[in-house]
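Comments concern the structure below.
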Amino acid sequence: MPRLSSIFIRASLMYLVLGFTFGSLILANKGVPFAPFIWALLPIHIEFLILGWLTQLALGVAFWILPRLTSNTPRGDERWSWAAFALVNLGIALNIAAPYAGFIWLGLLARILQAIGVAAFAIGNWQRIYPLKFSFSARQ
Amino acid sequence: MPTITRWFIKAALVSLVLGLAAGIWQQVASTAGMFPVYLHLLTFGWLTQLIFGVAIWMFPMYSKEHPRGPEWLVWSVFGTLNLGLLLRVVFEPLQSLSPTIFGAWALVAAAILQWYSGMAFAAAVWKRIRTK
């Protein structure tokens, strides 16, 4: 698989590990309360699993699997997709930090960066979504 | 399609139906504790389980002897994921309505099983994510 896909998917697995860990702590605490502060992990659990795990796995596999272009750059201008990786992950980091950083606009900035990142991925890979092309040759 | 993948995808579809049914139940009966059940049946039982099944099938080979990774490991992902989910589906609403010690520890067990399923999946596929 291409290097960017490998990076996207490995990152998504790290988010899976962390997100599942936080979620399990929250559920266990729900059953047998041992640390009330655990509930503070809930937004991080959600962010890590929705944006970190699900979204990045989808982007990574899509970058790998989508039909290739018949050009020197079979996966299009890869800079769009690399930008997507950077922006989505920066957005996750900023969104986690937002409640603690004291800047009320940090969460909004995080979401804007993530939206731009996903839009960049769409722009960079849009042309790879094309119908099957084949030709018949008549033989006599 | 390998057997393990068929089990994952069929279980994912069952979770999808149950999750949507839980969504309907919430509109009709509004039982305490149902919202996390609804959410996790859809995100964990349907989405994540479907991804697990297809990834185990489609990712590059683990090794020639075990192309999809150690069999016991991937089956343990399936077993713990679904057992943990089942415990959660049963006991999360029950604990909200009528908490018991048994129910409390059942939720702890659900948490551990679900946690294990994620760790085991990551361990099973990590080596399969590689550039040529």
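Here is how names work: the chains are called A, B, and so on, in the same order as the sequence lines, proteins then strands, and each is numbered from 1.
- With hydrophobic clusters built from ILVMFWY side chains whose heavy atoms lie under 4.5 angstrom apart, B/L18 shares a cluster with B/L39.
- The CG atom of A/L54 lies 5.0 Å from the CD1 atom of B/I51; values are rounded to the nearest 0.5 Å.
- For B/P36, the part sitting under 4.5 Å from any heavy atom of chain A is the side chain, from C-beta outward, and nothing else.
- Contacts with chain B (heavy atom to heavy atom, under 4.5 Å) involve no residue of residues 106-119 of chain A.
- Scanning both residues, B/M58 and A/W64, for their nearest heavy atoms gives O-CH2, 3.9 Å.
- Of all residues spanning residues 22-29 of chain A, those with a heavy atom less than 4.5 Å away from chain B's heavy atoms are A/S24, A/L27, A/A28, arranged by number.
- Between A/W53 and B/F52, the angle of the ring planes goes over 60°, which puts this pair in the perpendicular group of the 30/60° scheme.
- Connection of A/V32 to A/L41 is not established within any shared hydrophobic cluster, with ILVMFWY side chains joined at heavy-atom distances below 4.5 Å, either directly or through further cluster members.
- Listed by sequence position, the residues of residues 81-95 of chain A in contact with chain B number zero, using a 4.5 angstrom heavy-atom cutoff.
- Placement of A/L66 and A/L69 in two distinct hydrophobic clusters is found when ILVMFWY residues are connected by side-chain heavy-atom separations under 4.5 Å, directly or transitively.
- Note: the hydrophobic cluster containing B/V28 does not contain B/M34 (ILVMFWY, side chain heavy atoms under 4.5 Å, direct or indirect links).
- Contact detail for B/T131 and A/R3: the closest heavy-atom pair is CG2-CA, 3.3 Å.
- The environment of A/F34 atom CZ is dense: over 12 non-hydrogen atoms of other residues, nucleotides or ligands sit within 6.0 angstrom.
- For residues 68-94 of chain B, a heavy-atom distance under 4.5 Å to chain A picks out B/R88, B/E92, given by residue number.
- Put simply, CD1 on B/I129 and OG on A/S12 are 6.5 Å apart, with the number rounded to the nearest 0.5 Å.
- Heavy-atom neighbours of B/I101 CD1 from other residues, nucleotides or ligands within 6.0 Å: at or below the threshold of 12.
- Using bins of under 30°, 30° to 60° and over 60° for the plane-to-plane angle, the ring pair B/H40/A/H45 lands in the parallel bin.
- Hydrophobic clustering keeps B/M61 apart from A/V61 (ILVMFWY residues linked when any side-chain heavy atoms are closer than 4.5 Å, directly or through intermediates).
- Atom CG in A/L57 sits 9.5 Å away from atom OG1 in B/T48 (nearest 0.5 Å).
- The line from CG of A/L13 to CE of B/M119 is 10.0 Å long, rounded to the nearest 0.5 Å.
- Annotation: A/I129, atom CD1; neighbour count of heavy atoms from other residues, nucleotides and ligands within 6.0 Å is above 12.
- Around the CD atom of A/Q127, the shell of radius 6.0 Å holds no more than 12 heavy atoms that belong to other residues, nucleotides or ligands.
- Minimum heavy-atom separation, A/V17 to B/A122: CG2-CB, 3.9 Å.
- The two residues B/W126 and A/M14 make their nearest non-hydrogen contact at CH2-CE, 3.9 Å.
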